[in-house]
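Working notes, structure below.
Just so you know, residue 1 is the first one in the sequence shown, and it goes up from there.
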Amino acid sequence: MSPESKKLFNIIILGVSFMFIFTAFQTCGNIAQTVITNLNNTDFHGSGYTSMSIIYGVFSASNLISPSVVAIVGPQLSMVVSGIFYSLYIAVFIQPAAWAFYTASVFIGIAAAVLWTAQGNCLTVNSDENTIGRNSGVFWALLQSSLFFGNLYIYFAWQGKTRISGSDRRTVFIALTVISLVGTVLFFLIRKQEDTKAPGEEDSAKEILGDSSSAQNKMMRAVAAFKKSIKLSFTKEILLLSVTTAYTGLQLTFFSGVYGTCIGAVNRFGNDEKSLIGLSGIFIGVGEILGGGIFGLLSKNNRFGRNPVVMLGIVVHFIAFYLIFFNIPNDAPIAPMEGTDDVAYMIPSKEVAIFCSFLLGLGDSCFNTQLLSILGFLYSEDSAPAFAIFKFVQVF
């Protein structure tokens, strides 16, 4: 296999691994609050929103140390260990306990920081300035395919249901845990690049390979990665990118954890309200995959640069949020198990709600494919610190 073919193989395996893990995790996030609302009449008392706050708070703080962890452990093993923690978090829902739920939220926050830093490093070292756009798009399309498969199951399994039983919950989360573990195992198929530098490393590949087992060397690499992260945080390019990055974090929180809950709480959608959560996730995924495919695979032939893609994302999200404001009742995010019968500025429409899901996914892909491409292009030598800063700002 030629070096270029090996790199493309690694990108595809990276994308497929993330597809499996996030088929499980994003489906879990999409239905978590709905499941918990049905659980809160039992001995379990928790909140999906509180869990998300813990996850993203710890995630943000952990990005300060994640480049050092990746520098010491290496990107492949970092992703494997992180994948195991994702699986444990999902498994908590099989037999929920509040203490385990919130403890797992802390650990998955740390794991997420390490996972995404290692992913950025792996994406960058398997790309060059000519392939980073294509590879970012391929990875993004594969990653966001995760929204399609898990939510497709939710749509058919929960169709016509107004309450989620214990049996329904266990079946879903056992399957999601197994899917996450499959994605974790696939990380072992990623082939090492012989000329790859570790994050924060300034020495040649030959010198690295000759001294990689030294504990002192690993500590120096970790310190160098941390210093590089701090230094990059205050560069003009990172500060300018931080505005767009912060916005992507806000809208990610909305469509991954809040919007599905809102749809599931609107009684005027009829008996399909719970299955519509799955359908919403599917159409978010369709938008993400379409955007990732178009903007990634056609990037080499794009004569106009990245700005038109970002502008398209702005327009698409403006339309989406405007329609959601008119369609979804104000109390939908915090509605009780019985749901809400309120009306916003129009009679709630299932078609409009699902169309907005598609627009949310398409707009998100516009921003993220371009951000990944920019970071990989500008910071090919400092990929781990750069992607750690990206995730720090995004989830802050």
Side-chain angles (χ1 to χ4, degrees), residues 20-63 81-116 146-147 150-151 153-154 157-158 161 163-181 183-184 249 252-265 274 277-278 281 332-339 391 395-396:
F20 276 98
I21 291 173
F22 283 89
T23 289
F25 181 70
Q26 294 201 69
T27 303
C28 174
N30 206 20
I31 65 176
Q33 184 58 32
T34 301
V35 169
I36 288 170
T37 300
N38 285 268
L39 278 171
N40 279 339
N41 290 330
T42 66
D43 293 334
F44 179 89
H45 296 284
S47 168
Y49 297 143
T50 302
S51 171
M52 285 295 172
S53 298
I54 294 170
I55 290 172
Y56 288 111
V58 176
F59 187 178
S60 181
S62 298
N63 277 297
V81 174
S82 297
I84 292 171
F85 280 106
Y86 270 80
S87 303
L88 290 174
Y89 173 81
I90 297 164
V92 166
F93 286 89
I94 297 172
Q95 192 62 46
W99 68 268
F101 179 49
Y102 291 130
T103 301
S105 300
V106 173
F107 283 111
I108 200 175
I110 299 170
V114 175
L115 179 71
W116 283 103
S146 62
L147 286 165
N151 287 297
Y153 172 79
I154 295 299
W158 290 6
K161 292 182 183 284
R163 187 178 185 280
I164 310 305
S165 68
S167 176
D168 293 331
R169 185 193 71 246
R170 283 188 290 272
T171 300
V172 168
F173 284 102
I174 288 172
L176 294 181
T177 302
V178 172
I179 290 169
S180 179
L181 288 171
T184 301
L252 172 64
T253 301
F254 176 76
F255 78 69
S256 65
V258 178
Y259 189 53
T261 301
C262 292
I263 291 175
K274 295 295 185 285
I277 298 173
I334 55 173
M337 186 176 69
E338 294 77 20
K391 283 297 174 181
V395 303
F396 186 71

- request: Please test F25 against S180 for side chain to side chain contact (heavy atoms under 4.5 Å, CB included), starting from the C-alpha separation and ending with a verdict.
  value: CA-CA 8 Å; F25 181 70; S180 179; over 6 Å; no
message: Please evaluate residues S62 and V114 with respect to the criterion side chain to side chain contact (heavy atoms under 4.5 Å, CB included), reporting the C-alpha separation (whole Å), side-chain torsions for both, the decisive distance (0.1 Å), and the verdict.
response: CA-CA 8 Å; S62 298; V114 175; over 6 Å; no
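Residue T261 holds its OG1 atom at 6.5 Å from CD1 of I277, rounded to the nearest 0.5 Å. For the atom pair L181 CG and L176 CG, the distance stands at 11.0 Å (nearest 0.5 Å). Remark: Y56 OH to I108 CD1 distance equals 9.0 Å, nearest 0.5 Å. Rounded to the nearest 0.5 angstrom, C28 SG and I179 CD1 are separated by 12.0 Å. Taking CD1 of I21 as the start and CD of Q26 as the end, the distance is 11.5 Å to the nearest 0.5 Å.
Proximity of S105 to Y89: side-chain heavy atoms (C-beta onward) are separated by under 4.5 Å at one or more points. Residues V92 and F173 are not in side-chain contact: their nearest non-hydrogen atoms beyond the backbone lie 4.5 Å or more apart. Side-chain contact check for V58 versus I54: some heavy-atom pair is nearer than 4.5 Å.
For T184 and Y86, the side-chain atoms include no donor-acceptor pair closer than 3.5 Å. Between the side chains of T177 and S87, no donor N or O sits under 3.5 Å from an acceptor N or O.
For Y102 against S51, the heavy-atom pair with the smallest separation is CE2-N, 4.1 Å. Taking both residues in full, the closest heavy atoms of P333 and V258 are given as CB-CG1, 4.3 Å, listed atom of the first, atom of the second, then distance. Across R169 and F93, no two heavy atoms sit closer than the pair NE-O, 2.9 Å.
Annotation: F254, atom CZ; neighbour count of heavy atoms from other residues, nucleotides and ligands within 6.0 Å is above 12.
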